[in-house]
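Structure first, commentary second.
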Amino acid sequence: MRIAIAGAGGRMGRMLIEAVLNHPDMTLTVALDRAGSDQVGQDAGAFLGRDTGVAITGDLQALAGADCLIDFTRPEGTLDHLRACVRHGVKAVIGTTGFDEAGRAEIAKAAESIAIVFAPNMSVGVNATLRLLDMAARILNSGYDVEVFEAHHNKKVDAPSGTALKMGETIAQAWGVDLPDVATWTRHGETGVREPGTIGFSVVRGGDIVGDHTVYFCGIGERIEITHRSTSRATYAQGSLRAAAFLRDKTQGLFDMQKVLGL
């Protein structure tokens, strides 16, 4: 597969480039960064000391030469890239978080024309954790207070993380309710006693934390904790390549990592 990487000059973009270069069945064809970036014009493998022959570009027309785009940038940038993918018939793997409802709707609309994997976390371990949370929520559906804790580096701009929201949505779905109806996003001052059946969220931003997530099911006399910790972005990159490979024979449709992994 001919792979395009968005955000090629960033930390995640570089991790994705390295993963593609080391993959036996994928070829780095396009490396995108925002127009005006000082990375534009440089070889995409320069940070590895490798000459790939692929120069980083801000020209979305370059996507015409790719089979699939992998994008972990920002919502506004991802949607621009997605529109170009639709124009050129390029599949997309989207790991960007922080979309509003309009953004999500645009992704769903694009999936009527091209094949898309859209997931807040591409990690195989995180998606296994989501299955565990579904199971736990169905068993612990009364008498337990649920808290979703997440911690990320100080450069992350959206909160709670897309993964934390997905965890909350998974639990709410298992309970047969909508997350916005039961979520507690902030606590400050005189909050009163906790409402049964709510899901609380706690957020830490600091240092270079790659990503920690813990869901607490707090009962009387016991507490169950389900935790996933990322120590490297490599897990997201490898999951993204699995998602791209999954799309190889797909022409349209919207998929998540649970589908990619056969869960």
Side-chain angles (χ1 to χ4, degrees), residues 94-101 103-105 107-108 111 116-152 156 158-205 209-231 235-236 239 242-243 246 253-263:
I94 300 174
T96 304
T97 61
F99 289 99
D100 58 17
E101 287 303 313
R104 289 175 175 270
I107 292 169
I116 301 172
V117 172
F118 176 38
N121 197 306
M122 299 289 172
S123 159
V124 174
V126 161
N127 283 277
T129 301
L130 292 173
R131 286 303 303 272
L132 295 175
L133 290 173
D134 176 77
M135 182 187 304
R138 293 177 189 278
I139 297 170
L140 309 173
N141 59 3
S142 65
Y144 291 84
D145 297 320
V146 176
E147 290 286 317
V148 181
F149 165 86
E150 61 100 339
H152 282 84
K156 186 169 178 61
D158 59 304
S161 70
T163 302
L165 291 173
K166 183 64 175 178
M167 289 176 166
E169 289 169 359
T170 297
I171 295 163
Q173 185 176 18
W175 287 353
V177 297
D178 294 327
L179 180 60
D181 294 336
V182 297
T184 299
W185 305 113
T186 60
R187 295 189 181 96
H188 179 72
E190 187 69 31
T191 62
V193 298
R194 180 180 180 126
E195 287 286 331
T198 56
I199 300 173
F201 288 82
S202 300
V203 174
V204 168
R205 293 288 177 268
I209 302 169
V210 174
D212 290 358
H213 295 86
T214 296
V215 177
Y216 299 86
F217 293 84
C218 304
I220 303 302
E222 64 179 0
R223 181 175 71 250
I224 299 93
E225 301 177 15
I226 299 177
T227 296
H228 180 276
R229 291 190 176 92
S230 295
T231 56
T235 183
Y236 308 142
R242 289 183 67 162
F246 171 84
L254 184 60
F255 308 94
D256 60 15
M257 281 301 289
Q258 298 286 303
K259 186 70 172 180
V260 171
L261 300 172
L263 297 176

- Query: Would you find a donor on one side and an acceptor on the other, under 3.5 Å apart, between the side chain of R205 and the backbone of D158?
  - Reply: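 Answer holds: yes.
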
Residue pairs involving [range] (criterion salt bridge (charged side-chain N to carboxylate O under 4.0 Å, His left out); sequence neighbours excluded):
range	answer
residues 161-177	none
residues 178-200	D145-R194, E147-R187, E147-R194
residues 134-144	D134-R138

Please report the closest heavy-atom contact between [X] and [Y], naming both atoms and the distance.
X	Y	value
V210	S230	CB-O, 3.4 Å
M257	G239	CE-O, 3.7 Å
A111	I116	N-CD1, 3.7 Å
G168	I199	O-CD1, 3.8 Å
L165	L179	O-CD2, 3.8 Å
G211	Y236	CA-OH, 4.4 Å

Mind checking what makes side chain to side chain donor-acceptor pair (under 3.5 Å) contact with [X], not counting sequence neighbours?
X	result
T170	none
Q173	none
R104	none
S161	H213

- Item | Distance (rounded to the nearest 0.5 Å) between I94 CD1 and D256 CG |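 So the gap between those two atoms works out to 13.0 Å.
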
- Item | Sequence-distant partners of F246, ring pair (Phe, Tyr, Trp, His ring centres under 6.0 Å), two or more places apart |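 Testing F246 for ring pair (Phe, Tyr, Trp, His ring centres under 6.0 Å), a comparison that skips the adjacent residues, returns F255.
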
- Message: Could you work out, with side-chain contact (heavy atoms from CB on, under 4.5 Å) as the rule, every residue matching A151, not counting sequence neighbours?
- Response: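 A151 satisfies side-chain contact (heavy atoms from CB on, under 4.5 Å) with F149, V204, I209, D212 only.
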
- Query: Who passes side-chain contact (heavy atoms from CB on, under 4.5 Å) against E222, sequence neighbours left out?
  - Reply: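 side-chain contact (heavy atoms from CB on, under 4.5 Å) check on E222 returns Y144, I224.
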
- Query: Which pairs, with at least one residue in residues 166-190 and sequence neighbours excluded, count as a ring-ring contact (aromatic ring centres under 6.0 Å, His included)?
  - Reply: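 The answer is W185-F201.
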
Compile the donor-acceptor pairs under 3.5 Å between side chains in residues 117-131 and protein atoms, sequence neighbours left out, one pair per line.
from : atom 1 : to   : atom 2 : distance (Å)
N121 : OD1    : S123 : N      : 2.8
N121 : ND2    : T163 : OG1    : 3.0
S123 : OG     : G125 : N      : 3.1
S123 : OG     : V126 : N      : 3.1
S123 : OG     : T235 : OG1    : 3.4
N127 : OD1    : Q258 : NE2    : 3.2
N127 : ND2    : N121 : O      : 3.1
N127 : ND2    : S123 : O      : 2.8
T129 : OG1    : G125 : O      : 2.8
R131 : NH1    : L263 : O      : 2.2

- Residue K259 excluded, over 12 heavy atoms near NZ under 6.0 Å: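 No, NZ of K259 has 12 or fewer neighbouring heavy atoms, counting only those of other groups under 6.0 Å.
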
